Each structure stands twice: as C-alpha cells, then as structure tokens.
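Beneath this line is the structure, given in structure tokens, with notes to follow.
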Amino acid sequence: CWYRLEGVANIAINDAFMLEAAIYHLLKIHFKSKPYYGHLLELFHDVTFQTELGQLIDLITAPEDSVDLSKFSLDKHHLIVVYKTAFYSFYLPVALAMRSLSASLESARKTAAIAERQAADRALLLREMQHRIKNHLARIQAIARQSARGARDLAEFETIFGGRLSAMAKAQDALTREGGDGSDLRGLLQSELAQVLDAGTADEVLAGPDVRLDDRQTQAVGLVIHELVTNAMKYGGGFDRTDGSGAPAEGDRLRLSWRVAEVARERWLELDWIEPAARAPRQGSENRGGFGSQLIEALVEGDLGGRFTRR
C-alpha cells in the first residue's frame, strides 16, 4: 500500500484528499458551463459517501490486524459489495452517462420545441398574408366595380380607379412607416391633402388630438379622405378660390377636425370635413348619392362600423 512506502506514512492521508479534490477540480474545468454541473457534484459526493460507508463496514468486519470471522455474514458481505464496490465501479459511470444523455435529450426537446414554435409562427404569418391578400383583392375588385359604374368612358375610369388605388397605396405607406402597427391619423390626412395643398397649408387646416388607426381603419379612412378630396377639387371646396397668393381665401378654406368621444361606454372617432366654399353639385351627382358617396358610405358604415352624414 502507498502509506507503507518509506517516507510516505501519514502523508498518504493528504494524498487521498488531493486526489479527491482533483476530481472536483476536473469537473469544474470541463463541466462548469453545463446546466447539469450541480447534479454532477451532488452525484460524486453521494457516491463518495456510499463508498466510504462500504469501506467502514469492511474495516469493522475484518480489520487487518485482528480478523474475526464470527463478525462476518452474508448480509455484511452484501453491504460491502454494494457500498464499497458497486457504487463507484458500476453505478457512478452509468449515472454519469444517463445524466449527460438526459441533458442532451432536454436540449434536443427545447430545440424541437423552438422549431415547432417557429414553424407555427411561419404558418400563422402565411395565413395572415393570405388573408390580407384576399382582403386587398376583394377591396380592389369592389373599387373597380364602383369606379366603372361612375365613369363615362375608359379614360375617366382609369383616372378614377388609378386615384383610388393611389389612395390605398398611400394608406399602406403610412402603415409601413409606422412599422406595420397601425398609423397616425394626422400623418395619413396630410399625405392625402398633399395632392392639392402645400405642406404648411395642409397642416393649418387640420385640428385634432393624436389618434392611432389599425391596419383596416387606415385603409378605409385613407380611401374616404381621397374621395372627399376628389369631391372638393370637383366642386371648388377651398381649393380653387385663392386670396391671390395661391392659397385658399381665409373664409373659403377647407377645415378638417376630429375628436374622440365616448358613446355608450365606447370610444368613437368623430371627424368633420367642412367646405365653406363648396358649390352645390348638379342633380344626381356625388353629393346626392353618387358613386363616390356610395363608396364613402360603404367604407364608413361597412369597414369602420360608423355613420356618415352630409349637411
């Protein structure tokens, strides 16, 4: 035995401590970053304790300097075999392998779960994209039918239909600028009024609090404002009567205001489009239920669930 060598003696006790400490030092170097590092330490401590119990039973039963076979029995032999030998020679390597495999399986399960969530997210995005495309196509078809019924010839249809598609594009641009999470009402109105007013004048005719619109509301409100701007240009509502500087005369200027009101415990957006200088349209035209007005009513009452009134 090691302790019997010359010059070793009780130093062997310290050597044993160093060997045990080396085990935990190696575990720290190679496994500290692993999620199961704490379980490994616990496993080695448990096996060390069980092995020391088995060694103690062996020493008590058959000490080297005084062997007494009367103290020996099959039960004690079983305890010695299990605790002194089986735990470190069989149980420990198997437990270490199973612990490592368990960690690998857990990692694989997490990876599979992440992949499954990502696949579900992609499927959801695909369904959402398909839904949005169908909605856009349905809206474009409706606008095409509405424009065709109100146009006298192909050239007028192209003008009307192209303008309405442009309004949809501007509404989509407003959504894109805001990261796809709705849009700002004032910015949407400014982009539509920019067709007929410079930026400074367009900002002056607008009055209202900050309001966020979702995707559907942005598209609907953008088309409504486009129709109102088109009507205003046709009937001279604050765009063709100027004060000499190119801007609308003060008394004839268009005003566009909005506010948020609570009706029956629900928040409603109330928007007023005021044209002091608007000329009365001819019989059967837009202001008396023409195709543009019908589109506005369909958008406000159908898409937005609101009410549209003219005075």
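Just so it is clear, the values below take in all heavy atoms, side chains as well, and ignore hydrogens, waters and symmetry mates. In this text, all values refer to a predicted model and were calculated from it rather than measured experimentally.
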Of all the heavy-atom pairs spanning L27 and Y37, show the shortest one and how long it is. O-CE1, 3.5 Å
Please evaluate residues F31 and L26 with respect to the criterion side chain to side chain contact (heavy atoms under 4.5 Å, CB included), reporting the C-alpha separation (whole Å), side-chain torsions for both, the decisive distance (0.1 Å), and the verdict. CA-CA 8 Å; F31 297 98; L26 291 173; over 6 Å; no
So L228 and I225, do their side chains get closer than 4.5 Å, heavy atoms only? yes
What's the shortest heavy-atom distance between D303 and R216, and which atoms? O-NE, 3.5 Å
If you count every heavy atom of other residues, nucleotides or ligands that lies below 6.0 Å from N10 atom CG, does the total exceed 12? no
Linked, directly or transitively: Y88 and I23 (ILVMFWY side chains, under 4.5 Å): yes
Does V211 form a side chain to side chain contact (heavy atoms under 4.5 Å, CB included) with D184? I'd like the steps, not just the answer. CA-CA 6 Å; V211 174; D184 174 63; 6.0 Å; no
Verdict with reasoning, I114 to R117, per side chain to side chain contact (heavy atoms under 4.5 Å, CB included): CA-CA 5 Å; I114 292 173; R117 286 197 299 270; 3.3 Å; yes
Would you say that K84 contacts L56 through its side chain, given a criterion of any heavy-atom pair below 4.5 Å between the two side chains? no
Check whether any side-chain heavy atom of L299 sits under 4.5 Å from a side-chain heavy atom of L304, and report yes or no. no
Give a yes or no on whether R267 atom CZ has more than 12 heavy-atom contacts from other residues, nucleotides or ligands under 6.0 Å away. no
Short question: side chain of E156, backbone of R152 - any donor-acceptor pair under 3.5 Å? yes
Verify same cluster id: L96, V47 (apolar side-chain graph, 4.5 Å): yes
Could you tell me whether the side chain of S166 and the main chain of G162 form a donor-acceptor pair under 3.5 Å? no
Quick check: closest heavy atoms across R310 and E297, and the distance to 0.1 Å? NH1-OE2, 3.2 Å
Straight-line distance of L189 CG to L206 CG, nearest 0.5 Å: 5.5 Å
Heavy-atom pair with the smallest gap, counting every atom of L254 and I274: CD1-O, 3.2 Å
Taking 4.0 angstrom as the limit, do R99 and E42 come out as a salt bridge? no
Could you walk me through whether V300 and R307 pass the side chain to side chain contact (heavy atoms under 4.5 Å, CB included) test, one step at a time? CA-CA 6 Å; V300 173; R307 292 188 299 273; 5.6 Å; no
Cluster overlap L188 with W273, hydrophobic side-chain contacts below 4.5 Å: yes
Check the angle between the aromatic planes of F87 and Y83 and answer parallel, tilted or perpendicular using the 30° and 60° thresholds. tilted
CD on E204 to CG on L256, rounded to 0.5 Å: 14.0 Å
For D272, give me all partners under salt bridge (charged side-chain N to carboxylate O under 4.0 Å, His left out), at least two apart in sequence or on another chain. R259
Can you tell me how far apart CD (Q118) and CD (E116) are? Round to the nearest 0.5 Å. 11.0 Å
Is it the case that one hydrophobic cluster holds both V81 and F90, taking links as side-chain heavy atoms less than 4.5 Å apart, direct or via other members? no
Any donor-acceptor pair under 3.5 Å linking the side-chain atoms of W268 with those of E270? no
Is it true that, when you exclude H45 itself, more than 12 heavy atoms of the residues, nucleotides or ligands shown sit nearer than 6.0 Å to its NE2? yes
Look at atom CG of L74 and say whether more than 12 heavy atoms of other residues, nucleotides or ligands are closer to it than 6.0 Å. no
Heavy atoms of other groups near F308 CZ, more than 12 under 6.0 Å: yes
Can you check whether L43 reaches Y91 side chain to side chain, under 4.5 Å on heavy atoms? yes
Quick check: do D153 and F157 have side-chain heavy atoms less than 4.5 Å from each other? no
Search all heavy atoms of I80 against all heavy atoms of G54 and return the closest pair with its distance. CG1-O, 4.4 Å
Backbone N or O of D214 within a donor-acceptor pair of the Q217 side chain at under 3.5 Å? yes
Quick one: CG on L223 to CG on L165, what's the gap to the nearest 0.5 Å? 9.0 Å
Nearest heavy-atom neighbours spanning L269 and V260: CD1-CG2, 4.5 Å
Mind checking the CD-CG spacing from Q190 to L185? Nearest 0.5 Å is all I need. 10.0 Å
Should we say atom OH of Y24 is surrounded by more than 12 heavy atoms from elsewhere, each under 6.0 Å from it? yes
Less than 4.5 Å apart, side chain to side chain, heavy atoms only: is that true for P209 and W258? yes
For D210, look at atom CG and say whether over 12 heavy atoms of other residues, nucleotides or ligands are found less than 6.0 Å away. no
